[in-house]
Structures are given as structure tokens and as C-alpha cells.
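To keep things clear, I will list the structure first and then write my remarks on it.
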Amino acid sequence: MYQAFLIKYGEIGVKGKNRHIFEDTLVSQTANALKAVDGEFCVRKENGRVYVEAQSEFDFEETVEALTHVFGIVGICPVVLMEDEGFDALARNVVSYVGEGYKGQEFTFKVITRRARKNYPMDSMEVSAALGERLLEAYPKLKVDVHDPEVTLHVEIRNKINLYSKTIPGPGGMPVGSAGRAMLLLSGGIDSPVAGYMVAKRGVKIDAVYFHAPPYTSERAKQKVVDLAKEIAKYTGPIRLHILNFTQIQLSIYEKCPHDQLTIIMRRYMMKLAEHFAKEEECLGLVTGESIGQVASQTMHSLAVTNEVCTLPVYRPLIGMDKQEIIDIAQKIGTYETSILPFEDCCTIFVAKHPVTKPNLKSILKSESHLSGIHAMMKEAVDTAETIRVEP
């Protein structure tokens, strides 16, 4: 019955004179998401609406699944589009729609009509009442309930008449690509994939950097991060993932710096390296999965010392969340089961037993001054980095 979908958006509708830019980005992202689906589709916008129309046979469930991963969409409505051939033809189509879509026809309902074309010979209330009457004649077991109906039939009189009764929730947010680009520090844990998802939901295009420490971290740990990037890419589109060998830098820090400062100093050099790639790719900031107080390196004091090495803004979308809130999102977006696989990354290998929670910047800088040759190590890490394109 359905050959089209009406795509509803939220915040885009209040964007004023820039609204068309966001609409065009949403159309583009929707079309990109459907490239992986069998079938041909036309995605177009028309008078404050976005439509997906099938140009060939397609798999309904697969198409809906793809659309539920497009940020900017708040509702996906399987819609019947029909030419305006007069009220009687409309009424017959509505009766047929209920007959095909709802077996048994024993439920409460309501008809809501909207007229984008004010030259239609009946007003909205008249159309709703007349359609309700035709439905009651065709299906005597139906009952009208204007306050809390089980089924709401929407009739929108536009260039074509839109008929729909179901709205499948979308992910919301803003279309990816409408708010610039950022570099995600991606690890194999629970938090950073969620942070990438959260900032992408606000329209930010995401690339990522991962710090690998062979032989202390395995190839399976590296693959785990690639798998996490694939899950995020279902929402963000393709991700450029930079994989850096961090072993020599990490060993140097371990050998020459106080052990209670290991995590903070290691984090500072990660931020420096991530910022290098961010600037190369014209990113507007770094993104991390840090949350205040979750571990020693995420106290307010530690975050302030970490920020000191950055010239780009650092965005922390999880900053005020507790762990269970983060886990709930990870489970929803499909990254949790991969994140808890027992393959450790470099963040968990070299961990001090008693890390400092209130680091002093002067003390940290003094410790870092003992890291002779660190700049050459950083250059080597950059020069030998592996960059892969991760597809959803």
C-alpha cells in the first residue's frame, strides 16, 4: 500500500531564513542513507515537507531502519499520495486505506484534516466530519473518539493529498553536516562512542583518532574500535579513523614521569596529537567521552590541566551524565555489547594505582620537561598513522 514516506523534522522548522539550508542537508543525508537499501528512491522537499518516494520495489522494514538512523528526522510516516479527484474519490480511498491497513475495523478513531490549499471547496472541519461519516457507514464497529483515539487518520490537502495514520519515531537532532566537523578521541570503552553519537546528533560531522599501543594492546582491541566506528557511522555516515601507534610515547611517560601523573600526562599528549589531525582536516574542535568525576583524569582539576594543551575547543557532550545514563544510550545505539568486549586499549594498560585527582599544572609541566625526544616520537606517530575510511 505504501510507496512513499512523509519525513517530519523538528528544530529545522524554526530556523527562519536559513531553514532551506538545513532542509537541503536533511534531503542529502536521507538520500545517502537510502543508498544502502535495495530499491530506487526519490527524496524531495515540498512546502515544509520532505518526501521519500519509491521508484521501484523496495523492502519496507529495511527502508524504515535506514531512515531511523538519519539525524534531523523526528517522524517517519508511511503515506499514501493521491491526486485530488474530488471528495468522493478521497472518501473511497480513505475507506479502502482503513480496510487494508486495519483488519477487523473495531477501534476508536479520529480524522484530522489540514488544508495547505485553501481553495479546496470544503474546510478542514467539514472534510474530517464527512470522512468520519463515510468510515462509520463502511465499518459499523468503528467508534469516534476525538480525545484519545486508538487511530488518528491524517489527511493533508496539498499539491497531492497525503493520507497517513502511523508515525515511526526518528532519532531527532539536526542533520549531520549542518554544524561543521569535529575530531573524536575514540577508545574501546563505553563513553567515547556515545559522545560521538551525541555531538553528531547536533549536526556535527565526525572523524576519529584511536591510540594503539602494540604489543601491549592486541589487534583485536584495534578491530574492536573499528567495529565501534562502524556502529557510529550508521548515524554519522563514513568516518575517517586515524590509528596512531602510541607505544613509545606511553613508555617514555611511564619511565620518566611520576606514576601518579601518568594518566594526565598521557591524556595531554593524546590531545596534542588529536588536535594535529583535527587541524589538518579543518575540524572546529575535539570531542571526548569525559564525564565529571567518573575517574581520576576527569575531575575538574584534571580536565583543566588537560585543556591547557589545546588551542581548539574541547566538546564533552557527556560531561553531566552519570554512568547508567551513558550505558542506556550505548545500548540504544548498539555500541554497548562491543564496548564491553574484554580487549583492553592503551588507556587501561598503563594506569597508576593512586592517580592524582587534583593535578597542579606547574608540576605537570616540570614532569613533562624530562621527556627528552618526545617531539620526535610524536612526529613518528603522526607520520606512521594509519587512516581508514569506516563505512556503516
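Note that the numbering runs from 1 along the sequence shown for the chain.
Val176 and Ile206 end up in different hydrophobic clusters when Ile, Leu, Val, Met, Phe, Trp and Tyr side chains are linked at under 4.5 Å. Tyr9 and Leu34 end up in the same hydrophobic cluster when Ile, Leu, Val, Met, Phe, Trp and Tyr side chains are linked at under 4.5 Å. In terms of hydrophobic clustering, with Ile, Leu, Val, Met, Phe, Trp and Tyr side chains grouped at heavy-atom distances under 4.5 Å, Tyr197 and Val314 are assigned to different clusters. In the hydrophobic cluster analysis, where Ile, Leu, Val, Met, Phe, Trp and Tyr join through side-chain heavy atoms closer than 4.5 angstrom, Val111 is grouped together with Val151. A single hydrophobic cluster is seen to contain both Tyr336 and Met198, as judged by linkage of ILVMFWY side chains at heavy-atom distances under 4.5 Å, directly or through other members.
Applying the 6.0 Å contact sphere to CD of Gln55 captures more than 12 heavy atoms from other residues, nucleotides or ligands. Applying the 6.0 Å contact sphere to NZ of Lys366 captures no more than 12 heavy atoms from other residues, nucleotides or ligands.
A donor-acceptor distance shorter than 3.5 angstrom exists from the side chain of Asp59 to the backbone of Glu62, with no hydrogens or angles considered. Side chain of Thr68 to backbone of Gly170: no donor-acceptor contact under 3.5 angstrom is found. Between the side chain of Glu53 and the backbone N or O of Ala4, no donor-acceptor pair lies under 3.5 Å. At least one donor-acceptor pair under 3.5 Å links the side chain of Ser128 to the backbone N or O of Thr113. Between the side chain of His276 and the backbone N or O of Val382, no donor-acceptor pair lies under 3.5 Å. Checked by atom type and distance alone, the side chain of Ser363 never pairs as donor or acceptor with a backbone atom of Pro359 at under 3.5 Å. In this structure, the side chain of Thr30 engages the main chain of Leu26 through a donor-acceptor pair within 3.5 Å. Tyr97 places no side-chain N or O within 3.5 Å of a backbone atom of Val80 that could act as its donor or acceptor partner. Lys110 places a side-chain N or O within donor-acceptor distance of the main-chain N or O of Val146, the cut-off being under 3.5 Å. Between the Lys224 side chain and the Leu341 main chain, a donor and an acceptor come within less than 3.5 Å of each other.
Between Lys234 and Glu231, at least one side-chain N (NZ, or NE/NH1/NH2) sits under 4.0 Å from a carboxylate O, which counts as a salt bridge. The pair Glu23-Lys15 fails the salt-bridge criterion, with no side-chain N (NZ, NE, NH1 or NH2) lying under 4.0 Å from an Asp/Glu carboxylate O. Using a 4.0 Å cut-off between a side-chain N of Lys or Arg and a carboxylate O of Asp or Glu, Asp84 and Arg117 qualify as a salt bridge. Between Arg181 and Glu282 no salt bridge is recorded (no basic side-chain N to carboxylate O distance below 4.0 Å). By the 4.0 Å N-to-carboxylate-O rule, Glu150 lies too far from Lys143 to be salt-bridged with it. Ion pairing between a basic and an acidic side chain is recognised when a charged N comes within 4.0 Å of a carboxylate O; Lys256 and Glu368 show no such pairing. We find that Asp383 and Lys379 are joined by a salt bridge, their nearest charged nitrogen and carboxylate oxygen being less than 4.0 Å apart. Salt bridge annotation for Arg389-Glu391: present, with a cationic side-chain nitrogen under 4.0 angstrom from a carboxylate oxygen. The existence of a salt bridge linking Lys323 and Glu325 is excluded, since no basic side-chain nitrogen approaches an acidic carboxylate oxygen closer than 4.0 Å. A salt bridge does not link Glu156 with Arg115: every distance from a Lys NZ or Arg NE/NH1/NH2 to an Asp or Glu carboxylate oxygen is 4.0 Å or more.
Here the closest heavy-atom approach between residue Val225 and residue Ser187 is recorded as CG2-C, 3.9 Å. A pairwise comparison of heavy atoms in Ala381 and Ile249 identifies CB-CD1, 4.3 Å as the closest pair. Between Ser339 and Pro193, the shortest heavy-atom contact is OG-CG, 4.2 Å. Closest approach of Pro317 and Ala195 over heavy atoms only: CG-O, 3.5 Å. Residue Ala182 comes nearest to Cys283 through the heavy atom pair C-SG, 3.7 Å, listed as atom of the first residue, atom of the second, then distance. Counting all heavy atoms, side chain and backbone alike, Leu185 lies closest to Phe211 at CD2-CE1, 4.3 Å.
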Does the pair Lys35 and Glu40 meet the rule for a salt bridge (charged side-chain N to carboxylate O under 4.0 Å, His left out), with working shown?
-> CA-CA 8 Å; Lys35 288 178 181 178; Glu40 296 182 8; over 6 Å; no
_Applying salt bridge (charged side-chain N to carboxylate O under 4.0 Å, His left out) to Glu281 and Arg240, what does each step give before you reach the verdict?_
CA-CA 10 Å; Glu281 297 179 12; Arg240 281 180 292 187; 3.6 Å; yes
For the pair Ile7 and Val27, evaluate side-chain contact (heavy atoms from CB on, under 4.5 Å) and give the outcome as yes or no after the intermediate values.
CA-CA 10 Å; Ile7 303 300; Val27 167; over 6 Å; no
Test side-chain contact (heavy atoms from CB on, under 4.5 Å) on Arg268 and Leu365; report intermediate values, then the result. CA-CA 11 Å; Arg268 280 165 58 88; Leu365 292 172; 3.3 Å; yes
Worked verdict on Tyr51 versus Phe5 for ring-ring contact (aromatic ring centres under 6.0 Å, His included): CA-CA 6 Å; Tyr51 293 93; Phe5 298 88; over 10 Å; no
Show the numbers, then the answer: is there a salt bridge (charged side-chain N to carboxylate O under 4.0 Å, His left out) between Arg267 and Glu290? CA-CA 11 Å; Arg267 193 70 178 167; Glu290 292 159 316; 3.4 Å; yes
- request: Start with the C-alpha gap between Asp328 and Ile326, add the side-chain angles, then the distance that decides, and say whether side-chain contact (heavy atoms from CB on, under 4.5 Å) holds.
  value: CA-CA 5 Å; Asp328 289 345; Ile326 299 168; over 6 Å; no
Exercise for the section: Quick one: do Thr299 and Ile292 satisfy side-chain contact (heavy atoms from CB on, under 4.5 Å)? Show the steps, please. Expected result: CA-CA 5 Å; Thr299 64; Ile292 293 175; over 6 Å; no
Exercise for the section: Would you please test Arg19 and Asp24 for salt bridge (charged side-chain N to carboxylate O under 4.0 Å, His left out) and show each step? Expected result: CA-CA 9 Å; Arg19 175 171 163 175; Asp24 290 343; over 6 Å; no
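With hydrogens and angles left out, the side-chain atoms of Glu100 and Ser96 include a donor and acceptor closer than 3.5 Å. Side chains of Asn307 and Arg316: a donor-acceptor N/O pair is present below 3.5 angstrom, by distance only. With no hydrogens or angles considered, a side-chain donor-acceptor pair links Thr311 and Glu275 at under 3.5 Å. Between the side chains of Gln294 and Asp191, a donor-acceptor pair is found at a separation under 3.5 Å.
For the pair Lys166 and Tyr102, the cation-pi criterion (under 6.0 Å, within 45° of the ring axis) is fulfilled.
Annotation: the span from Leu186 atom CG to Ile239 atom CD1 amounts to 7.5 Å, rounded to 0.5 Å. Atom OG of Ser367 sits about 4.5 Å away from atom CD1 of Ile265, to the nearest 0.5 Å.
A parallel orientation is assigned to the rings of His154 and Tyr164, their planes being inclined by less than 30° (bins at 30° and 60°). Between Tyr235 and Phe71, the ring planes are parallel. Angles under 30° get that label, and only those over 60° would be called perpendicular.
With sequence neighbours left out, the ring-ring contact (aromatic ring centres under 6.0 Å, His included) criterion links Phe343 to no other residue.
For Phe107 and Tyr139, the ring centers are positioned 6.0 Å apart or more.
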